[in-house]
Each structure stands twice: as C-alpha cells, then as structure tokens.
A.B. asks: 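Once you've had a glance at the structure underneath, I'll fire off some questions.
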Amino acid sequence: MNENLQYRIRARLLKVLHFVTLFIAMAIICVPGLWVVLNSFRPTVEIMAKPPVWVPGDLNLDNYRAMFGAVGEGGVPVLQYFTNSLIISVTSTLIAILVGMAGGYAFARFRFKGKASIFIGLMLTRAVPGVSLSLPLFIVMAKTGLIDTHMGLILVYVALNVPFTIWLIDGFFRQVPVELAEAAEIDGCTRWQAFWKVEFPVARAGVASAGIFAFLTSWNEYALASQLTRSTFSKTMPVGLRDFTSEFTINWGGMCALAVLMIIPALILTFLVQKHLIAGLTFGGVKG
Amino acid sequence: MSRFRPPPWFVLLLPAIIILSAVVLIPLLLSLYSSFTPYRLTRPETLYKWIGTYNYEKAIESAHFWAAFGRTILLLTIALNLEMLMGLGLALLVNKVTYGQRTLRTVMMFPMMFSPILVGFQFKFIFNDNVGLVNNALQSLGLSNVAIPWLVDGQLAFFSILVAEMWSSTSVFAILILAGLFAVPRDPIEAAKVDGCTPWQSFRHITLPYIMPFIYIALAIRSLDVARAYDIVQIMTNGGPARRTELLWTLIGRTGYVDAKMGYANAMGYISIFLAIFFTIYFFRKLNAARSELGMAG
Amino acid sequence: MAKVNLRKVVKKYGALQVVHGIDLEIDDNEFVVLVGPSGCGKSTTLRMIAGLEAISDGEISIGERVVNDLPPRNRNISMVFQNYALYPHMTVRENLGFSLKIAKRPQEEIDRAVEAAAQILSLSEYMDRKPGALSGGQRQRVAMGRAIVRHPDVFLFDEPLSNLDAKLRTQMRTEIKKLHQKVKSTIVYVTHDQVEAMTLADRIVIMRDGHIEQVGTPLEVFETPANTFVATFIGSPPMNLLAGRVADGEIAIEGGPQIAVPDPFSGKVVNGQEVILGFRSDNLMPAGHAMPMEGGFTEFDMKVDLSEPLGTETLLFGSLAGKEVQAKMLNPRPVSDGEELRFQLDLTRCHLFDANSQQSLR
Amino acid sequence: MGNQRLKSLLCATALVAVAGNAAAGEFDGVTLQAKLIGGQQYEALYARIGEWEEKTGAKVDVISKKNHFELDKEFKSDLAAGTLGWCVGSNHSSFASQYPSLYTDLTPFLTADFIAEYVPSNIAASKIGDALVMLPRAQFDVSALYYLKSVYEDDDNKAAYKAKTGRDLAPPDTWDEYKEQAIFFTDAPNFYGTQYAGKDEAIVGRFYELVIAEGGQLFNDDWSPAFNSDAGKRALKWFVDLYEAGAVPPGTTSYLWDDLGQGFASGTIALNLDWPGWAGFFNGEDSSKAAGNVGVKVQPAGTAGVRTGWSGHHGFSVTESCDNKEAAASLVAWLTNEDSQKLESSAGPLPTRTAVWGHVVSSAEGDAYRTEVLKAFQAAASHAFPAPQTPYWIEATNLIYPELQAAILGDKSIDDALSDASEAVDEMMQENGVY
C-alpha cells in the first residue's frame, strides 16, 4: 500500500507540475501580446511612465478614436488598409491553394523524371531572403505597372506561399488512396468530378491548414509589402503600422490599436480552422 | 497532325512554375546580374557597367561581412534549436491536456498572429532600458536596481533578439510537433510502458523517433523562413550598436537601400542565399532519413 | 508466475461507468480468457490490470502486491497488442531486446534471451528486418516474442489474433497454446471470438456491459450457461431459445408444441411461470438422422426453410412459434427447402431460464 | 535654345504672381502626383492643398505618404526603376544631396524677390551647387538645450554643486560644463543627467556638430575625412565620458529621437539637446511629466567657442522629369509661402521665412514658455549650419556610427575608432570617385 501511495502522490504532483508549467508557458506566450492589447487602451504617457504604472489608471478608446479619426487628428486610413489586407490576403491565399493543389496533385499522383529535384527546387524559392528579392522585384513590378496595385502584392504572396502549400497538399493527396478516385470513376464520374467530389473532400483538412498558413503569411508580411506599396490604395496593415512612426516619434499607443485590429481577424480564423489545422498538418507532414 | 501534348503532371505544375519564375526567378536573375555591376540606386546608369566579381571579392575580404555571416549562422543555430526544444516542450504540455485543448491550441498560436514588424516594435519597447516592461518589472520586484541595457550590451542584445525571435516563432514548431504527437499511434507507447519504460524512456525511444519527421519539417520550414527575422532585428537594433547584432540581412538591407549600393548588397545577398539553401537541403535530407527510419519514405 | 486478483474493480469515465465492480481471481499459471461482445469492458479490464488505465475504485493485485497506482513498468507484466504495437524504427532484434535494454541488463543476457525467444517463435531469419518488411503473422510472432523475453509474472493478450486471416489465426492459436505450455505463466487473454476462448482457456470469463456474466471452464460455460446471454454467446451456432409458459409439468410454447419440462428442472418451476427453453442445434435432429437419445425426448414436426450442407452434417433452419430454430442432421441426405420433417429434441440436454431474470433455473 | 530660355523667362514672370498668390484657373486640367511626408505634425499643412487646387484648377494626387526614411527608400527605388512620373516630393536638407539628378532647379520658376523672403541660410542649405532643389517649409530643425528647471532650483543640488566645483549651479553654456553637470545630476537608474541619440545618422550628426564646436571639421574641402583630428577626438570623448560615467541611460546607443523625446518627457532626464518640434510636447500636461518644469536655452559651445548647430529643414521639391514644372513649382511655392508657414509654425515648428519669424515671436507674447522657446531657438538658429552637402553623407554616416558606438561602448579606443572610421570613409569616397 505504501508503494501505491507513493505513486499516487507522485502522479498528483506531476499533475500539479504539468498545470503550473503549462500556465507559465501560456503566460509567457500571452503576456507580450496582451501587453500590446492593453497598451492600445492607454495613453502614451502612462505606457512610457517612469516609474511604471502597473495598474492601468486610465483606460480609454482614445487611440482607436484617433485612428478612425480624420486626417490631421491622428487618423490613419485604417479601414482602407484593412480592406486592402483582406482583399490581398484572401485572394492570394485562394490562388495559392488552387495552384498548390494542382502542383501537389501532380507530385502525389504522377511519376516523372527529376521529381525530387523539381520539388526541392520549388521549395528553395522560398529560401530566398526578402531583402535580396525586394529591389529586383520592385523593378520588375514597376516596369509592368503592377506597383502599388493589389494585383502586384497578390502575385508576390502567391509565389511566397505556393511552395509550402504544394508540400502540405502533396502529402495529403498521398493519403488518399488512388482506388478512391478509380471507384468514383467506375461509379460514373469524370476524372474531374472524381477529383472534386471524392479526392478533394478527403484532403480538405490539408487544404485548410495550408490555407491558414498562407493567410497568416500574407496578412503579416511587411518587408516586400513596404517596398511594393505606395499609397493608401494598396498599403496593407503591417505597412500601415509605419504610419505611426514619423521622423521623431513613434505613436506606440496608436500602433497597438492598429495591431489589435490586425490580430483579431487572424485569431478568429485560426480558432475556426483549428480542428482541421492539426489534422491537416498531421497527414500532410509525415508522408511525402 | 502530330501535336506535342505535354504530360499531365507538367500541365498541373505549370501555374506554380510560371508564378515562381515570374516572382522569384526573374528578379533573382536581375539581382544576380546587378551583383556584377557597381549598381547604385541613385544612379541608374551604373547598372550598365560590368565590374566582374569585384563586389564578391570585396564582400569576401570584408571582415564586417564575415562577422555578420558568422553571427547569422550562430543566431540561426541557436534560435532554431531552442525554438525546436521549446516548441517540443510546449507541444508535449498541450498534448497532455484533455479539456479545453482547442482553446489552448489557439492561444499557443497567438504569436503567429503578430506581424514580425510588430514583434520588433513590441520587443523594442519591452526591452527598453528606461521604460521597458522587463526592466520595470525587475525594478518593481526589487530584483534589480540598475537599468539593464538589454539592447546595447552585446550578449544581452543578442539575447533580446533571440527572445523576440523565439517568441514569434516557437508557435510554428509547437503546432507542427503537436500535429506530430497526434499522429503517434498509441499502441507502441503503451507497449513501451508495459516493457518497463519510464515516461522519459518511452518519450526518448518511441515518441521522439515518431515525431522526428515533424521536427525536421518544422526546421525545414523555419529555415526557409528565417529571413523573416529581418523585420524583427531591423526594428529592434538594426544591427547595432557597434555592429554587435549585425546580421547578414541588416547589413544587406542597409547597404542596399540606405547606402544605395545595390550591386554590392546583391553580391552579399547571393552569398547568403547559399546559406539558406544549405540549411534547407540539410533539413530535407534529415527529414528523409527520419522518414525512412520509420518506414514511411516515398 | 503470479496470481491476479480483482476486487470490486470499477472504471468510470466521468459520469459514464464502463466496468461495474468486478471480482475475479486468476490463479498462478492459469490461462484466463475474457470474452464478450465489443464494448463489454473486457479490454478496459485488461488495460487496468496492465496499468494503462487507472482504476476508479476497487483493488487489483498481482502476486501478493496491490498495484492500484503502480505504473505498468513496475507490475512485471507483458502485453501483446491487437495491432502488435511493434516499434517501427527498430529491427526485430531490437524490438525483442528493447525491454531488457531499458532494464539495463548486460548485453550477453539480452542476446541470449532474444535468441531463445526467436528460437521458440522461429523468428531467427528475420532478426535484422524492420517490422515494415514483415507479414502479419510474422509481426504477430515478434509481438509475442517481445512479451516472452521479459519473463513476466503475467502475460496480457489484447485480441492478438483479430488482425490475421482465418487460417493464420488457427495456426497462431495453436502456437499460443503451446507457448503457454512451454513458458508456464499466468495469461489473461481478451477476445471477442468465443471459439478462441473455448480452445485456449483454462477458464473463461464472459462479460457484458461491464459485468461478469459467468466464470468457468470452457465445458462448464458451454454446458451449464448461467443465463441466456452466455447461452447464446458461447457455442456456434448459438443456442435456440423459445419462450413458453409452464403448465402441468409441460412447457407450452406459444403457437408451438408442448414440451415436457426437462428432468433437471422438474422441481424448479411452478405452474404459470414464464420460462425460456434453450437447446442447441446438436440436440434437435430429424428422426433417423439423429444420435441415439438415451434419456427422454420429445418429437414434433417442423418445416425446413433452408439447409446448409457442411459435409459430415447439414445445418437445418426452420421456425417454431415464429422464431428461427437451427437443427442438425447427421449422415445427411439432401433436403429441399420447404420440406417438412419430424424432429427429435433431446430433453436431457435442454436448458430452462426464467423469462424475467433470464437466469438459468438449474 | 533661345526658345527654351524664352519659355522659362515667361514662366518666371508668370510665377511672380503665382509665388505668393496663385492666379485663378491657371492650371486647369493639370494633375500633379505628389509624394509627401506623412505624420501627424506634417498633416495640417496639406489641408491647404485644397485651396490651391481651387485657385488654380489643378488637381493634386498624393500617391505616397510615408515617414522620411521610408520615403527615402522609395525615392531610391524610383530612381532605380525609373518610375518618376510624379512631380512633387517632400525633401529634407540632409537627404537632398543623395539624389542630385532627381530634382530640378527651382530658380527659373521663382522670382529673386520671392526667394529672398526665406531665411538666407535655409536657402543656402537647400541648394546643391547652384541649383535650388527645394523650397523650405516651416519645419526648420536645430537643437537647443532643454532642461528640467526643478533640478536647478533644488537647494541641495545648488549647495552640493557649489561645494564640488566652486561655481554656481546654472544651465550650462559649454559642453564641458554640460558633461560635468550631467554626471553630477545622475542618480541611476531612476534619473539620468542626459542622453543622446546613439545610432544611425543621428549620432553622427551630433558628433559632427561637436567636432565643429571643438574647432574641427568633418570633411576637408575635397570631401576626404577630416574628423580624425584632435577636435574629433575631443568630440568623441564627450560621448564616451558620459557613457562611462553612467550619466546617460545605458540603452542610449540604441536611442533615436523618439526615445529621447519620450525619455525627457518622462521627467527622468535633466539635460536634453533636442529639436524645436518637441517644445509643445514637453510642456503638455497630457504628454509629459516634465510639463511646467521645462527650461530652454541656446545650445552650449565647444572649446573652440563655437556653438553646435547641426541643422536641417524639410522642404518640397519638383522632379526633373515632371511634365508640368510650372504647376508643380507653383504648388511648392504655395505650400511654403507666408500663409502656409504661419499656419504650420503656429503649432510649434520653426519657420524658414524671415517675416514669419517676426509673426511667430509676436504671437507668442504673453506665453512665457513659448517666448522662452522661441528666443532660445532664434538664438540657436543663428548658429545653425547644414549637414555636409555630399551625396555620400548618409553612406558616410553608416560607416562612422558603428565606430562611434564601438568607442562609446568600450569595444575600441577613441583613437582606433576614429582612425578606422576615417579609413572606411576615405575608401568609400575614393571608390565613388570623389577624389
């Protein structure tokens, strides 16, 4: 009995330890983020106060009011940025998924010469640092008139996301037995129908996880966006953050307010896709 | 009527190939060309002057370049390894949770919602020596009575950047490894328990080999994405002070855009691309090895 | 070599109770089979013995030691899993030696034990392959070898044969039986297949819905089922059950023949009692194609709806009182569907259950 | 050729009127694309663009609005890609010399009288060679000394300082005194004597003005580096000493202007050399803990008796490639004319027109703080000198500042740091074919 007691106590202790560690880990993850959220409701004096103000004394919506306010009152065309970000991220994610699905299907279902090298080659395009890419890309975009357009950024983000999308989706189609599509064809589907009605639904989770990664990349990308956008017509939210920095000052409170606006849609989307995300990565990852 | 009909796999891959060539390959060739010229942004005519490998020689002879190169490798190695370990720990912690896991997973991915540039600003303020969150906390708790110069001291600045980078990217590891943990079949773990393994031993001998492919996938993905750290470093220290945190990307960015010496910047960029390619291929190899270990190759 | 004792063992998942306080004593070197339909709690019980599931209440002991809270590694048990649970990244040799390696035994001892196990299970030629390159039967053997190597107090088998094809299953069944004779050890074996249970077990434990329905040797449970559930679960084809009412020493089958109360039950029923009459197909045979009946028997006519010739015998399907009834024909002759035959029911081998409690009236 | 000259002459005469007061309907149907500096304090002026549009019939299309560093990056990209279809751009005297080919000379489009209305030193700083590449807006920057009055009114401080140095405690007039007092006031980590911008162009600018104040030069006339001199060493020693004494926040080498502003506004910095744009912020109840406690004084002098005075100003330029330079010049003139400057300087920034200075000073009467600020900055402006006007200024700063930092942080000796910096700048200048 003594032995059992010992193990029972140990199990309890481990449980408590697990809980405490988990709590600390989550705190480390959340605090810097929540600090941003909190700051968005505080006046800059209080954020920058020395000695520090730990208990927020003055929570208000001033930063938000200013952000949505008119030009000259600290207003930033935030709705325009939001719309731009949304259009660019959603469109580029959709296209990346379509292109990635075609590519992934090709890798998963066909045998051809140089498959491995082509695959690695595609992956490596993502390894090119944005810094080395931004200027030549800018020149190409400028020559083709794509600078400062939604289209330009969409193309760039599609290219940025396609390799990873292909990879994940390829892994996923491998999970779908070839017989499934064959059975559907025998049941009277065309090749195309067999794909859409049978193979695609099975691989949906993979598509969902590829989608969320692509969306987050496009939604948060800064280096290239700052180079390829100019005016409010195409500036995305990460670039918009820079509106709060001027030559001498950073309006940190205002920046936080915009940041919150950036985080919320991404967070909601992630939560919704959560279930598929894990499944998608699980299957997409192992085999391939 | 013998018309050439491309094989279907080629047709399927074509959109990807076209878009990647247009957006990555062509600009890359352009910058490759410009790395052999004294190209200066403010003087477009310099693009047409061929100077051979001068820029490369200059980069190779530059102590600053190699210092940045070494520091970049150091940062990458430390960051990737630590992120992997932390991500693994986090995934294991979350994996053990039975109730409310979906919410926890979302929370775990919280930092992924933060644009790297935002992370840069955020940690710049958090590590500010005067009004930063960390020093304020340390001083208020009485743990320190000096303003610790987080972003100035060589080691501390490196550490601060590391923290910011880890904060923003550990989630990626955690979510991928968590997916791996979900894929580990329960039976072998139980078999190991029955075979007499302690929890650590069953992790070490069974779970770990199973999630190894996922770890390499995460490493490969992250090594593809490391240049994203540019935004963070650029905002936090921009390589300073006194080049103590100078990385390839900050050096290249400043040379190219601020000094406007694009030719030279591109030459350094090319050398750094090889670095990225090396890391990526290395992890792909490891990935395939780990897969065939589990009999999952192909 | 150890006894296993379960006392009032309960398993709950939140509000859902899946094992309802079972008691079971397993002797040293005894081969006990837990059998029952899926969801009856047999696997859960096994996993509680293994320590893979915590028990919610009660007590489990192995040998003289209470192991309620002990982790599996401290129970000195081995387990063979349904999906074999081989370590895919290790060779057969490594798989076999893993538990000893973990226990930090000297290498020569490991080698010796592994060789011995490989000998017993004739695995020697596959030693350096990985599980991925083995067939189902070979994997099964590796899984068993892994269990032997440790010389555990108790072997636990969780439906180890369910993933094999029929032929291999029979073959492996024999091997397990031989193995038990060779290694002489306590075995707890879970299966949903009653044939496996009957052939392997020293004692069978029949479970349903988290309760033990009956414990006994294979013959006991076959011949004296404690209730209708055991009666239908053990034996193939299942026992025929007909509802009726006791009236004046006879059982009136509703819309069927009157059948005399079988001898063993004569003092145990009262007039008007609702009962269920049970008999196996082996005891209902057409006249002229039957075993000689030594005790009392009864005769009635029945139309044969369908016949299944099996060679030495033919299975006949008819219906009595609106219920399907199976009978057997020895020295068979062709029977055409719809043919009416005279059947003899061996009363000495009939069972009688109370209709309300479903329990045997014996 | 003759035709060309005639045309510009005509334009010039047309602009005599335009310069101050645009003529109605003059540029009907013209659309000008503009890239303007964005930021709260610069925005008020842009409201006047609408008025100009109404007056002239032209339209202004603002295609880019970014902070100056981003704008700078964009201009360089534009030069590279040849995307120069726009006409009007925000400019800065410290950046202007980097793009000599980008902007056109405005002299032909303006009358001499109109140009003469600007502060002459500002006009001088707006030229590359003889070409007037920008018109200054009311965003003139030179640093003066901000200090916390309470520190000087504190009796303990006075007594202690007297006992220590034998002099009365008063805001410093020389950089040595400044250093001494900064060290004296420091009570780390809660209170620091001073701070300085520690990276990028900012620290090189400060170093530059100190070198001048010490009687040296940053560059020789042929643009070879001249700062590896005794004056240069004394200048750098000032930074090093303050850092070593712990009289500046330890993070100061990563500070830029916003950190300095926030720092002084937090009331934990005694002395702060800073720009005029902060005056209102520092004394604002909402924005600053130092409000009501801020004193302003002309910047101190170096051992050579020269006061520091690195200055710069914002302005607007017209591109060489602009199709409609007359209209663009008219817009630029409009945005920097007297009314515009009055509007802009009413919020605090310093004007670059002589008449507006008078206006600003007189309108500040009755506001003691504002008057003190203006007096101090008027004095400061009289010592102002622009950043070195070479296209390689920014590139040079990128070579110099890491070395300065290295010396400040103790990685290198002052001598080594300056000689390394000098060598790097020398090599860069030669590589660019300057000499």
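Protein chains get the first letters and strands the later ones, always in sequence-line order, with residue 1 at the start of each. Basis for what follows: all heavy atoms, side chains included, without hydrogens, waters or symmetry-related copies.
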A.B. asks: Around K115(A), counting heavy atoms of other residues, nucleotides and ligands shown, do more than 12 lie under 6.0 Å from its NZ?
C.D. replies: yes
A.B. asks: For L32(B), which atoms come within 4.5 Å of any heavy atom of chain A: side chain, backbone, both, or neither?
C.D. replies: neither
A.B. asks: Give me the ring orientation class for F112(A) and W9(B): parallel if the planes are under 30° apart, tilted from 30 to 60°, perpendicular past 60°.
C.D. replies: parallel
A.B. asks: Is F125(B) in contact with chain A via its backbone, its side chain, both, or neither, using a 4.5 Å heavy-atom distance?
C.D. replies: both
A.B. asks: Does the pair Y33(B) and L47(B) meet the rule for a side chain to side chain contact (heavy atoms under 4.5 Å, CB included), with working shown?
C.D. replies: CA-CA 9 Å; Y33(B) 165 74; L47(B) 184 56; 3.9 Å; yes
A.B. asks: Is chain A contacted by the side chain of S171(B), its backbone, both, or neither, given a heavy-atom distance below 4.5 Å?
C.D. replies: neither
A.B. asks: Given that the side chain runs from C-beta out, which part of M108(B) has a heavy atom under 4.5 Å from chain A: side chain, backbone, both or neither?
C.D. replies: both
A.B. asks: Classify the ring geometry between F119(A) and F107(A) as parallel (under 30°), tilted (30 to 60°) or perpendicular (over 60°).
C.D. replies: perpendicular
A.B. asks: Is chain A contacted by the side chain of L104(B), its backbone, both, or neither, given a heavy-atom distance below 4.5 Å?
C.D. replies: both
A.B. asks: Taking side chain as everything from C-beta outward and backbone as N, CA, C, O, which of these in S134(A) sits under 4.5 Å from a heavy atom of chain B? Side chain, backbone, both or neither.
C.D. replies: both
A.B. asks: Less than 4.5 Å to any heavy atom of chain A: does that hold for the side chain of A265(B), its backbone, both, or neither?
C.D. replies: neither
A.B. asks: What part of Y216(B) gets closer than 4.5 Å to chain A, counting heavy atoms only: side chain, backbone, both or neither?
C.D. replies: neither
A.B. asks: If you count heavy-atom pairs within less than 4.5 Å of chain A, which of M109(B), M86(B), R102(B) leads?
C.D. replies: R102(B)
A.B. asks: Going by atom type alone, with no hydrogens or angles, which donor-acceptor pairs under 3.5 Å involve a side-chain atom of residues 88-101 of chain B and a protein atom two or more places apart or on another chain?
C.D. replies:
unit_1, atom_1, unit_2, atom_2, d
Q101(B), OE1, R105(B), NH1, 2.7
Q101(B), NE2, V94(B), O, 2.9
Q101(B), NE2, V97(B), O, 3.3

A.B. asks: Classify the ring geometry between F121(B) and W252(A) as parallel (under 30°), tilted (30 to 60°) or perpendicular (over 60°).
C.D. replies: tilted
A.B. asks: Between N161(A) and S92(A), do the side chains contain a donor N or O and an acceptor N or O under 3.5 Å apart?
C.D. replies: no
A.B. asks: Can you give each donor-acceptor pair under 3.5 Å made by side-chain atoms of residues 153-160 of chain A, sequence neighbours left out, with the distance rounded to 0.1 Å?
C.D. replies:
unit_1, atom_1, unit_2, atom_2, d
Y157(A), OH, E221(A), OE1, 2.9

A.B. asks: Pick one of side chain, backbone, both or neither for A137(B), based on which atoms fall under 4.5 Å of a heavy atom in chain A.
C.D. replies: both
A.B. asks: Among the options L133(B), I17(B), L28(B), pick out the one with the most heavy-atom pairs lying under 4.5 Å from chain A.
C.D. replies: L133(B)
